[in-house]
Every structure is written in structure tokens, then in C-alpha cells.
Amino acid sequence: MESYNPQKIEPKWQRYWEKEDSNKAKDFSKKPKKYILIEFPYPSGDGLHVGHVRSYAALDAVCRKKRMEGFNVLFPIGFDAFGLPAENYALKTGVHPQTAIDKNIATFKRQLKSLGLSFDWSREINTADPKYYKWTQWIFLKLFEKGLAYQAEIPINWCPSCKIGLANEEVIAGSCERCGAKTEEKRLKQWMIKITKYADRLIEDLGEVDYPERVKAQQINWIGKSYGTEVDFKIDNSDKKITVFTTRVDTLFSGTYLILAPENPLVKTITTKEQKESVERYIREAAKKNELERVDTEKERTGAFTGTYAINPATNEKIPIWIADFVLAHYGTGAVFADAHDQRDFEMAKKYNIPLKISLRPKNEELWEKVKNLEVCYSDEGILVNSGQFDGLTSQEAIKKITQWLENKETGRPAIQYKLRDWVFSRQHYWGEPIPIIHCEKCGVVPVPEKDLPLKLPYIEKYQPTSTGESPLANISSWVNVKCPKCKSRAKRETDTMPNWAGSNWYFMRYCDPKNNKALADVKKLKYWMPVDWYNGGMEHTTLHLLYSRFIYKFLFDIKVAPESEPYKRRTSHGIVLADDGRKMSKSFGNVINPDGIIKKYGADTLRIYEMFIGPFDQQVAWSIQGVNGAARFLNKVWQVCFECSKNKKSSPQILRAVHSLNKKIDGDLEIMKFNTIISSFMQFINLAQENKKDVGRETIEKTLILLSLLAPHFAEEVWEKLGHKKSIFFENWPKYDQNIIKKEEVTLIIQINGRVRDKIEVNSDISEREAKALTLSREKVKKYILQKEIKKVVFVPGKLINIVVEEH
RNA sequence: GCUCGGGUGGCGGAACGGUUUACGCACAACACUUAAAAUGUUGCGGCCUUAGGGCCUUGUGGGUUCGAAUCCCACCCCGAGCACCA
């Protein structure tokens, strides 16, 4: 008998599957559809990561099973090819991003194919292909048309040394990722997308999808909806008012000052002559700090007095208006009322000797003494004091009643705030989709007409950013200078490009109809395939890609392009694969595992089995080369058993029961992604078969191979063929297990005395309680424990256990 | 600080109200071999015991239960995400 030689058989079957188009999904097939999606890779120069292998192999197993169960499965693959690394690489080496990406994609394709994954390669997409990004640009035009894309001057991370705007993910601990210089805030006009308009729907519709709790919680947290009250404070000696947002209106009576964000436009108009200098100095200081420094909660509270006062609508007292950098301009109204029941306000008032008042009383008397004397800040809920008619109410009651009271006086109202901010959609980079907008001297902002799409990214030689912070595209005057599509007068193109997320927002729709020239995808095909039935990906995309793409899909639903409002029925996520030292795999640590090496030495099937066995799928796992040996040994054992037993006629009841149990285990565990227990059950089965080779018949071997084909497809095909089959094993139907065969006649009954295991007996599985009790009490071991003691109770769990409860002395 | 996960042998982990430590790795002994590798067999939580066996053990402390790794309460530790969000 030949020994198992993956290096020989794997390429053979990969060629076979490619030739036979084995994994092609058929549009409008009468079979029920399953759309199973993995996050498409960014084709980095490092090649495929063993982490990709784990999640792709897992979902590949799911797809293979669904096909054998009679589903028309769509399991597509593509490449998210725009992005910064290719541009940085170009800056360093002069190699054009297009060239680098093409090369990387070729490597990825070779690697993915060498794993034998059952992708439908005929639907391959590439987000940097003009035929693809034509539709990414089209979506932008639609957003613009509906008023959801707009320009605003907002602060961005600016590297004064590279003279370039940086995305948040390019700023590491307040410094530029490339040169290490401290970043500053710079205000630039940016394209923004109004995702906030969809905030409520993004929360509510989570109710109708099947996502892990932690994913839902993270998205809800990120959107950060909070219910509160808006309160108007009249400015003293003026008609103007300052509106603040609070979730704790119960503390309004202790509001002894107001604080504005330094960037709040009101600051300029209300600051008095006397205070102008110190206020302006404070604003300058605040602007110099980057986000990281401002957020440092350990630092001392600072602020500046504007010289102006406001009237607290609850007490009618005159209270000073301050500015402080811990008040955020972009949240709420950029203004808060400050009181003794907020840690930050409390600290700041202490520092500047601003008067404080108490309006909440804690239950704890000892604490109350300290709170009363302003020794500590009490910020929990309590009972109202010094609050006029509201005294004695709990915080919860007071929030309702005070809001109502303010509403009647027309100085307040219930309000809702979100943490979610609009999405900054501009990047000052080359390697992205150009934003299809023209700035006309006469007409202003004019969209590129749809017929002119795709607006192709021009091929350039130099990627150096401009000194003004514009993208390198601004340097190509022949591309920038155009005629206005409306009035034909002089105009300039927008030179910002889109962020990396633009292409991945809708790629799953393109898979449904990847070659369509007339639409991003044919409506009928979308209706057939969408929504994605099962989408697996990383937790790191929860608040970026996953949220963005849900939003864009909702928008496309609203303009009648998408057939429903949620793109993904079910989301699951994998844990990351760490290096054997427990750290992230990274070139700089020198601990990266290249799947090519493992495939060469052990074969793709071994690698796949190992990676799925390594630990729970949704948790992070550390790589271990010794573990790969275990997977290789397992496949070798299966190989031996298959050939040694294939001539046996019949299987023993024990083996039959075991293989049916295994079948059941796989059916159950695959659906809940417990791949590690599937493989351990498989190992147990093979160990049993190996010990009882005479009892393993051919039909059991064949069943085993079909079960194993999900995990080790090349292996299964090869043995299947060697057993004399002419057709691919993947044409077989998924086997059904028989519960009657699984049911055991004889079981081990556990005997407990007072809950402790004292004995075990082999009994018929449907033994009655009376019989079991009699049998138990006749056992020598049991007698020892119940001698001269009173039996108080007998607990009987049929087929499992009997517990004798006796009096303890 | 808030939200969500976790803490079980030397290690990865299984069990998620009913035999704790399945399966794998590592380790040890033996067999096969001139030798090594590979493979196979056996052992492998701790303490006590001549044996039979006994006792302890799922981060810590309580509770519910005939019975708790599993359910409840409090605390400690680790990981992930958010974080001056009023």
C-alpha cells in the first residue's frame, strides 16, 4: 500500500476541481441558495497569513457540507486592493502601487489555490479595477445627490514633518507612523458622509439579525445613543442663550457654572474685553494639544473665565461662564452646566475657587457628611436636596419631573444624543478611488456626470504629498484642470480620494453579478442571492467595515437598489492566530509563519485540520508547530484504516454506533462553529476504528470519507478514487445519521452516595428506578456506606445515575 | 471608569446541572531497529497508603441544590473594545 503523500495528491485534485468548475454558483438555480462570505483579503506584500487559512478553511467546510446537502452555494473571493501600504511601498521603492498589487494578488491566488478552498473563482473581484470602482464612485454620487455627502472643515491629524494629513489609524500614540513626529490638529475641508442620519436604524435593526452579542454590544456602544434633557441658560445682560445637553438634569439646582468647549463659536462673542487675552491664550494652548493629550484624564483640570454670566433657569442665580478643554465641541451642544456632582466639574471648581452647591444626598450617612462638606465628589444617583419643590425625589423621578417642569417654562426639553460622528470620507492619498466631484468657479460643487464614470485614477510617477496637505493628484495639472460639466467654464477636480472602506462597503453585492456594466448588480440577481446568509470576519471590523457596510446597504435599500435593509443575516467572528510566543505575528518580531512552508512539508489538509483543531474558533490561539505533527499523525492513521478495512464486508454494532454518533456530532457542531470538538471526535472515532480494524466495514469507511471531505478535501478525493469510485466524492449526498443506531442498549450507571461517586454498574439503558435501586443496594461498596444509616432519599436519572442520600453523622 | 469575554493538569483545551481533566501536544518506560526517525504499547492532576483504597482539586469567599467547573451574589486576576460623551 502506498503511503499518504500530500505533495503528490493535492496539486492533482486542485487541477481537477479547476477543470471541472466544481464550485461554481449558479444564478437562479432551483436549489435553495446559501450565500457564505468571508472578508476578502487586502493583498499585502507579506502574502497569506495563517489567520486567513483558519477562517477560510472553516467556512470552506461549511460550504462543502451545504453543497452536499443540496444547496446552491455562493462562496466568492476577491481582493480589497486599494490602501495605504501599497502607496507607502511606492514612496519607498518607486514601484507603482498597481504593479505591487498585481504581484501580490498573484501570490495570494497561488496560495489560496494551494489550500484547495472551494471558492467560485469565476466571480473574483478587485476593488482597484476601474470596472469595479465605477460603482463605488456611483454610490458616492447617489449619496451626494441625496444630501448625505457634504463638505465640512474639520480637524484632521497633521504631520508637520511629512506635511501630510493622516488617518487615525496612521497615528500611533500621538505621533506620525512614518517619521515619528508629533502630530497636530489642522483644519481642512473634508468630504463627510452623514451616517448619523441612520444611527437609530443601525441600532434598531440589530434586533432582526443574528450577530454575536459582543458584536451587537460594540456597535450599540459605538453609536452611543443617550437620552437626556436640553436646558436653555439665558446669558446675563443679553437676549442670547446657551443650550446644554445633560443626562443628569436632577443635578440642575446645583449647577453653579457653565463650561463651553474652547472651539465653541459662542466663546468669541461672549468673552469680555478684560478676559480676552487669557481666553485666547487658553484656546491657543488647547489647539496645540492633540487628541491624545486632551484625553489624558490624569492631568490637572484647566480652564479660563469668559467674564460673562448666565442665569440658571432652576435657581435664577447668576452663574459664571468658563471654557475648558475637557468639554468637547463635537458632542452635544459643545457646552455643559457644571456642578458638584461631576468629578471633572468638582475638580475644576476646587482649583479656581468657583462656588459649589450640593443637590443630591447619598444613602450612606458617613458619606453624606463628607459630601455635604465638599470633601468628596458624589456622582451616583441619590435623593434630591436644595432643589425646591423637587426635594425628596429620587434621581430617576427627578429627571422626569424636572424635564417636564422646564418644558412647561419653555426653557428645556427631552433630547437624544449620539456618540457616533459623521464619517470622514476624504483621504489625501493617491492609491484610492478619486472622488467624482468638480469644483467650478461659477457653479460651485458639481458632480461628475454618471456617463463619465469611472473617473479613472491617473497613472503617476511621483507619490510625494503636496505641502498644502492635498493628495499627490493635485500635482497633475492636466488631470486637475477641467471644464465644468454644467457651464463649461474653468473648473478643478476634487483631488481627495476615498478611504479604504469605500470599496469594501458593497463588494458582497458585486459578487452576485460581478461583470455587470449597467448597474452595480442586476436587481434580480441581488434578489436571488442577497442577503448574505453567513458572514464570517474579524472583531476588529465591528465598528468600521461592518457598521459602514450596514449603513451603505440601508442607503442602497432606500434608493431601491438593495432588496432589503440588512446585508448580513448571520455574522460570526474568528479569533486571531498569534505566534507561538503569544505575540502578534509581525515581521519586526521575526515570528511570522508562512503557510507555504507548512503546505510544502505537511500538506494543505494537515494545515487545515491543525488550524481548526488548535482551539475554539472565536478565541485567539497561539501557533504551535508540534500541534501540526498531531494533525499529520491523525491523517496518516485515517489513511491506514481506510485501506486496511476497505475489504471488510460489515461493521460491528459498536463501530456503526460510533460512526453515526460522529455524523451527528458534525451536523450539530459545524453549525455552531465548534470545529475543534468535531476534530477531536473524529480522532476518537479513528482511534476506536484502529483498535477494532476487523469490525470496520467498507460502508463505514466510505461514510467516514464523506464526513472527512469537509476538513481534508484532497485526502478524501484521493482515497475515494483509490477505492474505485469514478465520480468526485463531492457529488455524494451528505449522510444522515440514525438515532436508533446511536442509542445504546447498555449504559454505565453512576452510583453516588450523598452526591459522591462510589461505584458504577453496567445496566440496560431503560432500567427502571426500582430495579436500579435494588441493584445498587446489593453492591458491596454501597453497603459499606449506608450501613446503619437511614436512607432519606433516592434520586434517579434514567440511563445515567442514581444518588442515594443518607443521614450524615 | 463603562461594555463584552475569560480564569479547568506541564501546555492547547473538553465537559456548561450528574464519572472533572475527553482529544491533542509535551514527557517517561517498553517493543520494533545495527542505530535514529517513524510506528506501536503502557503510564502521566496533587497528597496519603504495604495493599484495597482514602482525601483534596476547575481564580477566591459565600449561597441555591440530593448533586455545582457549570446557576446566583461578592471579590481578585487576565484579555478585547470604548473612553473627559456631560
Side-chain angles (χ1 to χ4, degrees), chain A residues 3 212-222 224-226 228-229 231 244-249 251 255 259 261 291 294-299 301 324-328 330-339 341-345 347-348 379 417-421 539-540 542-543 575-576 580 609-610 613-616 618-634 636-637 640 674 676-687 690-691 748-760 781 784 792-797 800-806:
Chain A
S3 61
E213 261 328 295
R214 57 183 176 150
V215 170
K216 287 190 183 182
Q218 253 183 58
Q219 290 205 345
I220 289 169
N221 213 1
W222 182 261
K225 185 175 187 174
S226 53
T229 311
V231 187
V244 305
F245 173 78
T246 180
T247 54
R248 293 294 303 276
V249 78
T251 62
I259 313 174
E291 193 102 18
R294 272 180 75 157
V295 155
D296 180 8
T297 48
E298 299 299 307
K299 67 160 190 212
R301 298 285 162 211
D325 65 3
F326 65 82
V327 176
L328 306 172
H330 57 73
Y331 184 78
T333 58
V336 298
F337 77 82
D339 63 80
H341 297 290
D342 180 283
Q343 188 69 37
R344 298 155 299 180
D345 303 347
E347 285 167 19
M348 179 164 163
S379 55
Q417 281 298 331
Y418 301 90
K419 286 190 203 172
L420 184 71
R421 290 198 245 168
M539 277 306 286
E540 71 275 19
T542 300
T543 53
I576 53 171
D580 52 6
I609 287 192
Y610 166 64
F613 181 57
I614 190 169
D618 58 351
Q619 275 165 46
Q620 61 171 36
V621 287
W623 183 264
S624 144
I625 192 66
Q626 272 124 357
V628 184
N629 278 326
R633 277 179 206 149
F634 164 67
N636 271 312
K637 275 191 211 174
Q640 302 280 334
K674 292 181 72 172
N676 54 335
T677 54
I678 287 177
I679 291 169
S680 78
S681 301
F682 229 120
M683 287 170 168
Q684 285 179 60
F685 172 71
I686 288 302
N687 290 344
Q690 198 183 29
E691 284 162 28
T748 308
L749 191 77
I750 305 301
I751 299 174
Q752 296 183 336
I753 313 289
N754 286 350
R756 307 185 70 117
V757 180
R758 295 300 179 187
D759 203 1
K760 297 166 196 178
K781 281 183 185 168
K784 198 169 96 188
K792 289 173 71 183
K793 193 174 178 181
V794 176
V795 180
F796 179 66
V797 183
K800 234 175 189 175
L801 139 156
I802 184 163
N803 186 14
I804 313 285
V805 185
V806 296

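The figures that follow rest on heavy atoms only: side chains count, while hydrogens, waters and symmetry mates do not. Naming convention: chains lettered A, B, ... in sequence-line order (proteins, then strands); numbering from 1 in each chain.
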Considering every strand and a 4.0 Å limit on heavy-atom distances, what is the contact class for A/Asn803: base, sugar-phosphate, or nothing? base
Which whole-number value in Å describes the distance from A/Arg301 CZ to B/rA86 P? 14 Å
A/Ala632 backbone acceptor or donor facing A/Tyr610 side chain under 3.5 Å: no
Whole-Å distance separating the CG atom of A/Asp759 from the C1' atom of B/rG52: 14 Å
Nearest of B/rG24, B/rC56, B/rG13 to any side-chain atom of A/Met683? B/rG24
Between CG of A/Asp759 and CG of A/Leu749, what distance do you get to the nearest 0.5 Å? 9.5 Å
Rounded interatomic separation in angstrom, taking CD from A/Gln619 and C1' from B/rA14: 13 Å
Could you check which nucleotide pairs with B/rG5 in any of the strands shown, counting Watson-Crick or G-U wobble with both distances under 3.5 Å? B/rC78
Can you tell me which nucleotide in B/rG53, B/rG13, B/rA86 comes closest to the side chain of A/Asn676? B/rG13
B/rA69 pairs with which nucleotide, Watson-Crick or G-U wobble, both distances below 3.5 Å? none
How about A/Lys419 and A/Trp222: do any of their side-chain heavy atoms sit closer than 4.5 Å? no
Interatomic distance at C1', B/rC27 relative to B/rG45, whole Å: 15 Å
Test side-chain hydrogen bond (donor to acceptor under 3.5 Å, both in side chains) on A/Asn803 and A/Lys793; report intermediate values, then the result. CA-CA 8 Å; A/Asn803 186 14; A/Lys793 193 174 178 181; over 6 Å; no
Over how many whole Å does the gap from A/Gln690 atom CD to B/rC23 atom P extend? 13 Å
So what does A/Lys674 hit on the nucleic acid, given a heavy-atom distance under 4.0 Å: a base, only sugar-phosphate, or nothing? sugar-phosphate
Nucleotide nearest A/Lys781 (side chain, heavy atoms from C-beta), chosen from B/rG53, B/rC23, B/rC85: B/rG53
Closest nucleotide among B/rU20, B/rC4, B/rG54 to the A/Val757 side chain: B/rU20
Considering only atom C1', compute the distance from B/rG79 to B/rA28 and round it to an integer number of Å. 35 Å
For the base of B/rG18, is there a side-chain donor-acceptor partner from A/Gln752 under 3.5 Å away? yes
A/Gln218 or A/Leu801: which one's nearest nucleotide on RNA chain B is closer to the 5' end? A/Leu801
Nearest-neighbour nucleotide for the A/Lys793 side chain, B/rC25, B/rC66, B/rC23 considered: B/rC66
Interatomic distance where CD1 belongs to A/Ile625 and C1' belongs to B/rC25 [whole Å]: 12 Å
Select base, sugar-phosphate, or nothing to describe what A/Val805 touches, counting heavy atoms under 4.0 Å on all strands. sugar-phosphate
Main-chain N/O of A/Val806 paired with A/Asn754 side-chain donor or acceptor, under 3.5 Å: yes
Quick check for you: among B/rU39, B/rA86, B/rG18, whose closest atom lies nearest to any side-chain atom of A/Val797? B/rG18
Considering only B/rC25, B/rA22, B/rC82, which nucleotide approaches the side chain of A/Ser680 most closely? B/rA22
Select base, sugar-phosphate, or nothing to describe what A/Gln219 touches, counting heavy atoms under 4.0 Å on all strands. nothing
Phosphate OP1/OP2 of B/rU19: any A/Arg758 side-chain N/O under 4.0 Å: no
Just checking A/Ser226: base, sugar-phosphate only, or nothing, at a heavy-atom cut-off of under 4.0 Å? sugar-phosphate
In whole angstrom, give me the gap between the C1' atoms of B/rG54 and B/rG6. 35 Å
Quick one: does A/Asn676's side chain get under 4.5 Å of A/Pro616's, heavy atoms only? yes
Separation between the C1' atoms of B/rG46 and B/rG9, rounded to whole Å: 10 Å
Taking atom P in both B/rC76 and B/rG10, what distance in whole Å separates the two? 26 Å
Would you mind telling me which of B/rA22, B/rA86, B/rG13 lies closest to the side-chain atoms of A/Pro616? B/rG13
Contact class for A/Asp345 vs. all strands (heavy atom < 4.0 Å): base, sugar-phosphate, or nothing? nothing
Suppose we define a pair by two distances each less than 3.5 Å, Watson-Crick or G-U wobble; what does B/rC44 pair with here? none
Less than 4.5 Å apart, any side-chain heavy atom of A/Phe682 and any of A/Phe634? yes
Would you mind reading off the distance between A/Met539 atom CE and B/rG5 atom P, rounded to a whole angstrom? 11 Å
Any side-chain N or O of A/Arg633 under 4.0 Å from OP1/OP2 of B/rC25? yes
Sugar-phosphate only, base, or nothing, as touched by A/Pro212 at under 4.0 Å among non-hydrogen atoms: nothing
What nucleotide, of B/rA86, B/rG13, B/rC56, holds the atom closest to the side chain of A/Leu328? B/rA86
In whole Å, what separates the C1' atom of B/rG61 from that of B/rA68? 15 Å
Check whether any side-chain N or O of A/Arg248 sits under 3.5 Å from a backbone N or O of A/Ser379 as a donor-acceptor pair, and report yes or no. yes
Does B/rG9 count as syn, meaning its glycosidic angle lies within 90° of 0, or as anti? syn
Taking only side-chain nitrogens and oxygens of A/Tyr418, does any of them come within less than 4.0 Å of OP1 or OP2 of B/rC85? no
For B/rA31, which nucleotide in any strand shown is its Watson-Crick or wobble partner with both distances under 3.5 Å? B/rU39
OP1 or OP2 of B/rC56 under 4.0 Å from side-chain N/O of A/Arg756: yes
Below 4.5 Å, heavy atoms only, C-beta onward: do A/Val231 and A/Thr246 meet side chain to side chain? yes
How many Å lie between CD on A/Gln640 and P on B/rG40, as a whole number? 8 Å
Could you tell me how far apart A/Tyr610 (OH) and B/rC11 (C1') are, to the nearest whole angstrom? 12 Å
Say you pick atom P in B/rG12 and the same atom in B/rA83; how far apart are they, in whole Å? 32 Å
Do A/Arg214 and A/Met539 make a side-chain contact, defined as non-hydrogen atoms from C-beta onward lying under 4.5 Å apart? yes
Candidates B/rC56, B/rU19, B/rC4 - which lies nearest the side chain of A/Arg214: B/rC4
Contact class for A/Asn687 (heavy atom, under 4.0 Å): base, sugar-phosphate, or nothing? sugar-phosphate
Which is true for A/Ile614 with a 4.0 Å heavy-atom rule: it touches a base, it touches only sugar-phosphate, or it touches nothing? sugar-phosphate
If we take the C1' atom in both B/rA14 and B/rA22, what is their distance in whole Å? 5 Å
Across the strands shown, which category fits A/Lys637 at heavy-atom distances under 4.0 angstrom: base, sugar-phosphate, nothing? sugar-phosphate
Between A/Gly630 and A/Thr677, whichever has its closest RNA chain B nucleotide further toward 5' is A/Thr677
